[in-house]
Each structure stands twice: as structure tokens, then as C-alpha cells.
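Let me begin by presenting the structure, written as C-alpha cells, before commenting on it.
Start at 1 and go down the list; that is how both ligands and their atoms are numbered. As the structure is a computational prediction, the values presented were derived from the model and not from experiment.
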Amino acid sequence: MDKNTHWFKDAVFYEVYVRAYQDSNGDGHGDLLGLVEKLDYLQDLGVDCLWLMPIFPSPLLDDGYDVADFRGIHPDFGNLDDFKLLIAEAHKRSIRIITDMVMNHTSDQHPWFQEARKDKNSRYRDYYVWSDTDEKFSEARIIFLDTEKSNWTWDDQAQQFYWHRFYSSQPDLNYDNPEVQQEMLDIMKFWLDMGIDGFRVDAIPYLYEREGTNGENLPETHEYLKQVRAFFDQHAPEGILLSEANQWPEDVRAYFGDGDEMHMAFHFPVMPRIFMALKRQDGTPIRQILERTPPIPMNNQWCTFLRNHDELTLEMVTEEERHWMWEQYAPELRMRLNLGIRRRLAPLLGNNKAKILLANSLLFTLPGSPILYYGDEIGMGDNIWLDDRNGVRTPMQWEDSPNAGFSAAQQTYAPVIAEPPFSYQSVNVASQQADPNSLYHHIKSMIANRKNERVFGWGELVWAQNDRPEQVLAYYRQFADELVLIVNNLSEAAQTTRIELVEGMLTPALIDLLTQQTCTPTSGFVELTLPPYSYLWLKPVQPG
Ligand code: NOJ
């Protein structure tokens with residue numbers, strides 16, 4: 001299989017909120033040129049691909065996921081020349097760039113919608129989904145439960161209702177209209193021609209609406225996505241489409257098609273189960289969901305993550321599990337949003353360094369390409385007093401100078417976190433770079449080690465038999481004759497466990513890739529004592 005075309009299979013991704021990252025012109029908003037200044041940092045961390053949240057012109061009622069012009073750059077972030085420079089500078093450092101492509105909807109400020117609502121006979125009217133009643137498609141759920149009462153909103157100017165799966169300021173596009181289908185391809189081509197390496201395709205389960213269905217994962221959606229992929233293969237054979245489909249494994253599996261649909265898909269269900277497993281000190285939820293996950297074609301890859309710019313979504317758990325997760329991880333109501341939890345990784349895990357690293361050990365060793373959320377590599381905190389999901393989108397903390405070195409402005413787009421224990425004076429990149437034992441250095445080392453071993457991107461997962469199956473989640477990652485044994489102690493107590501070794505591990509010694517310490521197998525087993533919340537990445541040492 002061609003390594004270049006399949007670069008995403010063993011890439012480490014990093015999600016950037018451009019507004020939060022680095023402000024180059026002192027206006028209080030991070031921008032593309034600021035991000036260019038930080039590419040050396042990202043290269044040094046070991047990142048292969050950046051995912052930029054939407055950078056298009058937008059009224060920002062959903063932080064850019066409400067696009068007003070698909071071919072421009074929001075003035076806060078710079079302009080198209082800055083974007084071209086970013087791509088060129090990133091590529092020089094072997095970093096690829098993908099950005100969000102919001103296919104399902106536009107902003108109500110988009111000229112298409114403005115024309116559509118004005119005039120029933122406009123060619124743009126049929127770009128959206130209209131109705132004289134608000135009773136159609138009643139089986140479709142409401143996603144932004146805390147703010148929206150219906151997926152239909154009455155438009156005075158149009159004298160009809162329009163359909164929207166998200167905020168009412170985000171009318172859904174009508175994919176039954178071939179012109180809409182073509183527009184999206186043209187827009188993608190516009191960015192691909194500029195050198196972008198692909199897209200994170202937002203909200204794809206909802207492209208079509210059909211009466212009597214819940215309007216998710218419809219066959220029509222898959223048909224269209226296959227066309228998008230064919231177009232992509234023709235125009236950008238090394239580009240990727242990363243699907244955002246917050247669905248159960250068997251439904252997400254469909255987005256890979258026969259390897260002819262999306263290249264990658266987020267594995268949403270595994271994420272909350274990592275948090276469940278850590279709290280319960282029991283790996284069963286992770287094991288069960290991976291056992292329920294169908295195999296995927298060789299030319300596809302899962303994307304795994306711990307946190308992102310949204311609430312920690314609890315859609316892919318049972319109702320009982322959701323309530324348990326809320327009780328455990330979001331005891332204050334302000335920490336909850338829709339069906340999720342709006343907190344960052346470090347505060348969720350009680351700022352316990354061992355636990356944060358253990359969560360990352362899972363992220364970097366379970367099947368899929370990992371995505372880090374900006375700031376989680378240093379354990380940034382959140383600000384639950386900000387509205388919507390803004391509490392997890394605060395400025396990146398670079399150093400202990402004013403505004404955390406993020407901006408020279410008097411006022412930044414959102415306050416920098418200044419309260420202990422997550423204040424920028426104590427949690428910042430500079431201080432962690434100076435401390436060899438920091439979160440940053442451990443994560444950097446995990447990235448580097450992961451990238452040395454093909455098993456992580458290309459290999460199978462095989463459970464390792466051991467006598468502490470709940471507390472200790474142990475698995476092999478295996479690719480051809482290469483093997484790594486991952487052992488995670490999920491418990492707050494030290495655990496001694498005996499792990500059965502498979503052929504290939506029966507060497508005189510096993511070495512932990514992260515610490516270089518060795519252990520010795522005896523008669524087909526290895527006996528290990530793991531401190532609380534610790535992990536080993538063991539590789540067989542061949543004699544000689
Ligand atoms: C998913 C994005 O992650 C989220 O931030 C956004 O609000 C919705 N899609 C709507 O575009």
C-alpha cells in the first residue's frame with residue numbers, strides 16, 4: 001500500500017482553534033500568521049497534521065460552523081494569502097493541514113440563504129429545505145437540546161418554515177438539489193487547489209431528510225459521499241476526508257463504505273468509555289465497545305480523541321451511563337451542555353498527572369490515529385463561566401507573561417485562564433518545556449515512540465490474557481511480525497499481574513519503549529507490578 005497516500009494511517013493529529021492559538025497583530029484574536037509562528041512548536045511536538053476549526057467568514061453564532069462565505073477567510077484570522085503562507089510553511093515542516101468543511105448547513109447570512117428567503121423563484125430557494133408546516137420529519141431528534149425547540153423555524157420573509165439540525169441561524173442545505181451537490185464539490189476544489197490536505201467533514205449524518213426516518217445515515221447520504229470521494233481521488237489523491245458522524249460503531253463503519261467513502265472517521269463511542277473506565281477503574285467498557293466495532297478496510301483509519309472543542313458528548317452511551325457520567329464528571333450544572341460535559345481533559349481528571357498520562361497512553365495505543373486538542377498537551381484548564389462551549393476554547397497558554405504570551409492586546413477574545421490551579425502562570429508551554437518530567441515531555445515522548453512503531457497505525461488489536469482483566473487493560477498491537485504489548489493499570493492501587501505472552505513475545509527480555517526499562521518473561525508469561533494509573537509499552541528484545 002502506498003505510504004504517501006496512506007499517510008493518515010499513522011499520523012498524529014492536532015486540533016487548532018485558530019482564534020485561541022497565537023495573535024500576530026495584537027487585536028486580541030489568534031490568526032493564521034500567529035499559527036505560522038507556532039509551526040516550529042508543533043513540528044517539535046511531533047504533530048503530522050493540523051485540523052483547523054472553521055476559518056471562513058461567519059457571523060460566529062456557532063463559532064464559524066455557521067459559514068457565510070465558503071471561499072474566504074474570516075477577517076479576524078487574516079486573508080487567503082496568509083492561508084497560502086500557512087500551507088507552504090506547514091508543508092516545509094512536513095505538517096499537513098485540514099480544515100472543517102461544513103457541508104450540512106450554512107449561516108442564515110450566507111448570500112444563498114439571503115436570496116432564497118427573499119424570493120420564492122430565486123434559484124437559491126431550492127438550496128434549502130422549506131415547508132409550509134413544521135410537522136414534517138418529526139422523527140428527527142433535536143441536537144442542540146438546550147437552545148432549540150424544533151428543527152423548523154418560521155421565516156417571515158420567506159413565509160415558510162426552514163429546516164435546521166443545529167442552531168436556527170444554520171439552515172440546512174438541500175442535498176436533493178444537484179446544484180447544492182455540485183457547489184460543495186466546487187468549494188472543496190477551491191481549497192484543494194490551494195494546497196490543503198483534506199477536510200474534517202462536519203455533521204455528515206444529516207445531509208438528507210426523509211419522512212419516516214430519523215434523518216441520519218440515510219442511503220442517499222452514502223451515495224453522495226461516494227461521489228465526493230471519487231471527486232477527491234481525482235483531484236487530491238493524497239487528501240483526506242475525515243467524517244464527523246457521532247454514531248454507534250456499526251453506523252460509523254458505513255461511512256468507510258468499501259474503502260470508497262470517507263478515509264477516516266472519528267470513533268465517538270470509544271471516547272466516553274475511556275473516561276468511564278478511568279473512573280470505574282475497570283477496562284470493560286473499552287473492551288466491549290472495541291469488540292462491537294466492525295473491522296474497517298485497510299485503506300481506512302479511525303480517529304481517536306479524548307477531548308475536542310465541543311462538549312464531551314454522551315450521545316453514544318445509554319441513558320443510565322449518561323447520568324452516571326454527569327454525576328461523576330459534571331457535578332455542577334454549569335458543567336453540562338446538551339447531552340454532554342463542557343470541560344477540558346485535565347480538570348475532568350482532577351488534574352491528576354498520572355491519570356492524564358494514562359488517558360493519553362490509551363489514546364496513543366488503541367486503534368486509530370490520535371487527535372490532540374490544543375492545550376491538552378500541557379493540561380490546560382477550562383472556564384465553565386463562559387457560555388456555550390467557549391469554556392474549552394480559551395487562549396493557549398504559552399508562558400507566564402501577560403495574556404499568557406498569546407496576545408499583546410489589552411483585551412483578548414476570551415479571558416486567559418488566571419485562576420489556580422490552571423492559571424497561565426503555572427500551566428504554560430515554556431515552564432513545561434523546561435521541566436523534563438512535565439506532561440508536555442511525556443506526551444511528546446509518547447508521540448515519538450508511537451511514530452517509531454508501525455503496529456500502531458497499521459496493526460491489529462489483540463487482547464492479552466491476564467489475571468487482572470478489569471483493573472489492567474492489556475493488549476497487543478500487531479502488524480505482520482511486529483508486536484508491542486500495551487499494559488494499562490486503570491486502578492488507583494498498584495497491581496501485580498501475570499500476562500500470557502503470545503509467540504513473538506517469548507524473547508529473553510521485553511523493553512518498555514517509554515522508559516527503556518526491561519523485564520524478563522518466564523515460561524510463557526510476564527509478571528508485572530504496575531504503580532497506580534501507570535502503563536507500559538513493551539516490545540520484545542531480540543537476542544543480540
Ligand atoms: C459539529 C461541530 O463540532 C460543532 O462545533 C458544531 O456546532 C456543529 N457540528 C454544527 O456545525
Quick check on ligand 1: any N or O pairs to the protein under 3.5 Å? One line per pair.
{"unit_1": "ligand 1", "atom_1": "3 (O)", "unit_2": "Arg200", "atom_2": "NH2", "d": "3.0"}
{"unit_1": "ligand 1", "atom_1": "3 (O)", "unit_2": "His309", "atom_2": "NE2", "d": "2.9"}
{"unit_1": "ligand 1", "atom_1": "3 (O)", "unit_2": "Asp310", "atom_2": "OD2", "d": "2.5"}
{"unit_1": "ligand 1", "atom_1": "5 (O)", "unit_2": "His309", "atom_2": "NE2", "d": "3.0"}
{"unit_1": "ligand 1", "atom_1": "5 (O)", "unit_2": "Asp310", "atom_2": "OD1", "d": "2.7"}
{"unit_1": "ligand 1", "atom_1": "5 (O)", "unit_2": "Asp310", "atom_2": "OD2", "d": "3.4"}
{"unit_1": "ligand 1", "atom_1": "5 (O)", "unit_2": "Arg389", "atom_2": "NH1", "d": "3.2"}
{"unit_1": "ligand 1", "atom_1": "7 (O)", "unit_2": "Asp62", "atom_2": "OD1", "d": "3.0"}
{"unit_1": "ligand 1", "atom_1": "7 (O)", "unit_2": "Asp62", "atom_2": "OD2", "d": "2.6"}
{"unit_1": "ligand 1", "atom_1": "7 (O)", "unit_2": "Arg389", "atom_2": "NH1", "d": "2.9"}
{"unit_1": "ligand 1", "atom_1": "9 (N)", "unit_2": "Asp202", "atom_2": "OD1", "d": "2.9"}
{"unit_1": "ligand 1", "atom_1": "9 (N)", "unit_2": "Asp202", "atom_2": "OD2", "d": "3.2"}
{"unit_1": "ligand 1", "atom_1": "11 (O)", "unit_2": "His105", "atom_2": "NE2", "d": "3.0"}
{"unit_1": "ligand 1", "atom_1": "11 (O)", "unit_2": "Asp202", "atom_2": "OD2", "d": "2.7"}

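If you run side chain to side chain contact (heavy atoms under 4.5 Å, CB included) between Arg165 and each of Glu209, Glu148, Glu216, only Glu216 comes through.
Side chain of His263 to main chain of Gly239: a donor-acceptor pair is present (N/O by atom type, distance under 3.5 Å, no hydrogens or angles).
Between Phe166 and Phe144, the two ring planes are perpendicular [angle over 60°; tilted spans 30° to 60°].
With sequence neighbours left out, Pro111 forms a side chain to side chain contact (heavy atoms under 4.5 Å, CB included) with no residue at all. Among residues two or more places apart in sequence or in another chain, the salt bridge (charged side-chain N to carboxylate O under 4.0 Å, His left out) test is passed with Asp376 by Arg344. Scanning for salt bridge (charged side-chain N to carboxylate O under 4.0 Å, His left out) contacts around Glu223 gives an empty result, with sequence neighbours left out.
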